[in-house]
Amino acid sequence: MSTVRVRFAPSPTGDLHVGGARTALFNWLFARHHGGTFVLRIEDTDAARSTEAATQVILDALEYLKLDWDEGPGKEGDFGPYYQSRRLDLYKKYASELMGRGRAYHCYCTPEELDQRRQEQIKAGESTRYDGRCRNLTAEEKQAFAAEGRVPVIRFKSLEEGATVVEDLVRGTVTFDNVTQVDDFVIFKSDGMPTYNFAVVVDDALMKISHVIRGDDHLSNTPKQIQIYEALGFKTPTFAHIPMILGPDKSLLSKRHGATSVTQFYDDGYLAEAMVNYLALLGWGYDDSQTIFSIPDLIAKFSLERVSKNPAVFDKQKLEWMNGVYIRELSLEELYEVCLPFCQKEGLLPAEVSPELKAYTLKVLEQLQSRLKLVADVVALASYFYIDDYEYKPEIVQKILTKPQTEDILNFVHAAVKDAAKLDEEHLKPQFQLGLEKYGIKMGDLIQPIRVALTGTNVSPGIYDVLELLGKEKVLARIERTLDMLKKEELL
RNA sequence: GCCCCCAUCGUCUAGUGGCCUAGGACAUCGCCCUCUCACGGCGAAGACAGGGGUUCAAAUCCCCUUGGGGGUACCA
């Protein structure tokens, strides 16, 4: 019987970032490994930046990655609501409890005043912290401030001595000096909303979260939160701060490094299994020889003990390679299913695919499978199998179809194909070999022109496979079309 | 400025005092396969940031320096 309860708590201010996805994944893996509960909580207390659309984007992204939550939006449990914006009463209740216990107070300092004092502290070489001047305001002083039109915030009265220790599952013991590192931070903003550091504690405590697994960037905030837990008499959860994900230049991964949103990866045709496998390896490793992990395997082997301490650079090339690995593992039927939307979107396949067309597509995909890195690549690689007025790549035509014997070779192949009983290697190769002797060329000199004639480019599956798939009628027509084009362009 | 975290090939990492002349994967390069491109196979190159300790023995423990990252908000 497990009491593991973890949560992923994104704030809906934009797309789900791969860093967030990795955090969600580690939480999910930890929960699944221990047979615990994975909670999804939406941290939308920043009314100015949070949107409902962004929430949906995050939900969709998690669904794509198949990270299902046990409690959260659409899955009400015993600890809801799961949107912070709907938990205001709770935050107010605990804030006033803190006030009652003398552990919180109203502060009337303005942002400008605060900022000025901060600058002075920096100049003096001190650590920046609230100086506590509103700690013991009299009723008269408060009234005077209110009369000036100042709207107070609520600050937490932090400990004035000692140290706060974070016992972290991946970092070990981290000690923070209370005097210089934990100041009287704001727990309720003047707009009546709680701050992150306060809401997160109330929520995690009330939702009975046992392990807080989150990004390294939260480590510095942890002592503040621990003091809240203790002031409120809550049991502190176990913490695990996982390393950040960086861009190639070692700075925090962000949009300027290219695609970073999960939605973008989905649109580019990354398989969920590949994304999950790759993300799992960013900051976690099992042993020296394994890089490909199925999801059940990941669940079985994942542990926080093996989470790395150092930040990881996001290597898109490795992700692409891995995606290729997963594409190659797909059955043809599965490959067809994932490729279908991309082909339909680009007009290669109609909304309703006939059984004949599907059978043809299955054969095309069989040839393309080892050549795909992204599912989206299928459109570019398969187009000439579906489009008869494919374009010729000028530089390729120039390079391959302008040799003196081109016309003869194409005519020769045209004749050979026309007479062939079947367009496969067995029937065609002997014929082609005759051409080799006749023109004094090598197989490549014969095949490359055919390839360009049939596909418009110099890269394709094996030529006999292309010939067979296209069929006699199209092959003949395409050779004729190419000859016409060459004459028209005066390249012969 | 102050505080915290981190430090093995270009990248992700294995390594928890002797098994390390440091292993794997991606990327790179070469060869093989071959009609092109992939796939696949074989091989090469490539790292313990620097300096002090501790120890018979250090990539592994301690300290300093350097470098990188994060926090320091009425953002989360």
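Just so we're on the same page: letters track the sequence lines, and every chain starts at 1.
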Indicate yes or no: does Asp249(A) engage Arg256(A) in a salt bridge with an N to O separation below 4.0 Å.
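Salt bridge present between Asp249(A) and Arg256(A).
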Taking NZ, NE, NH1 and NH2 as the nitrogens, is one of them in Asp408(A) or Lys438(A) under 4.0 Å from a carboxylate oxygen of the other?
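Judged by the 4.0 Å cut-off on N to carboxylate O distance, Asp408(A) and Lys438(A) do not form a salt bridge.
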Under 4.0 Å between any heavy atoms, over every strand shown, what does [X] touch: base, sugar-phosphate, or nothing? Just pick one.
| X | result |
| --- | --- |
| Pro461(A) | base |
| Pro311(A) | sugar-phosphate |
| Gly324(A) | nothing |
| Thr291(A) | sugar-phosphate |
| Glu126(A) | base |
| Thr180(A) | nothing |
| Val153(A) | base |
| Gly125(A) | sugar-phosphate |
| Phe176(A) | sugar-phosphate |
| Ile463(A) | base |
| Asp115(A) | nothing |
| Arg328(A) | sugar-phosphate |

Between [N] and [M], how many Å separate the two [atom1] atoms, rounded to a whole number?
| N | M | atom1 | answer |
| --- | --- | --- | --- |
| rC63(B) | rC5(B) | P | 11 Å |
| rC26(B) | rC39(B) | P | 10 Å |
| rC62(B) | rG17(B) | P | 12 Å |
| rU36(B) | rA44(B) | C1' | 26 Å |
| rG43(B) | rA57(B) | P | 38 Å |
| rC19(B) | rC64(B) | P | 29 Å |
| rC42(B) | rC35(B) | C1' | 23 Å |
| rU13(B) | rC74(B) | C1' | 42 Å |

Please determine, for the side chain of [X], which listed nucleotide ([options]) has the closest atom?
| X | options | answer |
| --- | --- | --- |
| Leu252(A) | rG70(B), rA25(B), rG10(B) | rG70(B) |
| Gln448(A) | rA73(B), rU36(B), rC12(B) | rU36(B) |
| His218(A) | rC12(B), rU11(B), rA76(B) | rA76(B) |
| Ser11(A) | rA76(B), rC39(B), rC37(B) | rA76(B) |
| Ser251(A) | rC12(B), rG69(B), rU72(B) | rG69(B) |
| Val459(A) | rA73(B), rC37(B), rG71(B) | rC37(B) |
| Asp217(A) | rC74(B), rG71(B), rA27(B) | rG71(B) |
| Ile447(A) | rC74(B), rC35(B), rA38(B) | rC35(B) |
| Arg171(A) | rC2(B), rC6(B), rG1(B) | rC6(B) |
| Gln181(A) | rC26(B), rG71(B), rC12(B) | rG71(B) |

Between [X] and [N], is there a contact of a side-chain N or O with OP1 or OP2 at under 4.0 Å?
| X | N | result |
| --- | --- | --- |
| Arg155(A) | rC74(B) | yes |
| Lys250(A) | rU11(B) | yes |
| Thr45(A) | rA76(B) | yes |
| Arg118(A) | rA73(B) | yes |
| Arg306(A) | rG15(B) | yes |
| Asn310(A) | rC12(B) | no |
| Lys189(A) | rA73(B) | no |

Opposite nucleotide pairing with [N], Watson-Crick or G-U, both atom distances under 3.5 Å:
| N | result |
| --- | --- |
| rC39(B) | none |
| rA45(B) | none |
| rG1(B) | rU72(B) |
| rC26(B) | rG10(B) |
| rC56(B) | rG18(B) |

Would you kindly compare Lys224(A) and Asp44(A) by the position of their nearest RNA chain B nucleotide and give the one closer to the 5′ end?
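By nearest-heavy-atom nucleotide position, the 5'-most residue is Lys224(A).
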Toward the 5' end of RNA chain B, which comes first, Lys429(A) or Arg129(A), by nearest nucleotide?
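Per heavy-atom nearest nucleotide, the more 5' residue is Lys429(A).
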Any idea how Phe293(A) and Tyr286(A) line up, ring-wise: parallel (<30°), tilted (30 to 60°), or perpendicular (>60°)?
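Judged by the thresholds at 30° and 60°, the geometry between Phe293(A) and Tyr286(A) is perpendicular.
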Rounding to an integer number of Å, can you tell me how far [X] [atom1] sits from [N] [atom2]?
| X | N | atom1 | atom2 | value |
| --- | --- | --- | --- | --- |
| Phe239(A) | rC4(B) | CZ | P | 18 Å |
| Leu454(A) | rC35(B) | CG | P | 17 Å |
| Lys309(A) | rC5(B) | NZ | P | 10 Å |

Applying salt bridge (Lys or Arg N to Asp or Glu O under 4.0 Å), run through Arg7(A) and Glu43(A) and close with a yes or a no.
CA-CA 12 Å; Arg7(A) 67 1 179 230; Glu43(A) 308 218 330; 5.3 Å; no
side-chain hydrogen bond (donor to acceptor under 3.5 Å, both in side chains) against Asn197(A), all qualifying residues, sequence neighbours excluded
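side-chain hydrogen bond (donor to acceptor under 3.5 Å, both in side chains) list for Asn197(A), sorted by chain: Gln225(A).
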Taking atom types as modelled, is there a side-chain donor on Gln121(A) or Thr128(A) under 3.5 Å from an acceptor on the other?
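Absent: no donor and acceptor within the cut-off.
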Tyr196(A) and His218(A): side-chain donor and acceptor closer than 3.5 Å?
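On atom types as modelled, these side chains qualify, holding a pair under 3.5 Å.
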Tell me, please, whether Phe26(A) has Arg22(A) positioned over its six-membered ring: NZ or CZ under 6.0 Å from the ring centre and within 45 degrees of its axis?
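Arg22(A) over Phe26(A) ring: yes.
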Tell whether [X] reaches the base of [N] with its side chain through a donor-acceptor pair below 3.5 angstrom.
| X | N | value |
| --- | --- | --- |
| Ser190(A) | rC74(B) | yes |
| Lys318(A) | rA25(B) | yes |
| Asn221(A) | rA76(B) | yes |

Please test Lys422(A) against Glu468(A) for salt bridge (Lys or Arg N to Asp or Glu O under 4.0 Å), starting from the C-alpha separation and ending with a verdict.
CA-CA 8 Å; Lys422(A) 202 165 175 246; Glu468(A) 196 169 3; 3.8 Å; yes
Please check: side-chain N/O of Arg155(A) versus main-chain N/O of Asp184(A), any donor-acceptor pairing under 3.5 Å?
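Side chain of Arg155(A) to backbone of Asp184(A): a pair is present.
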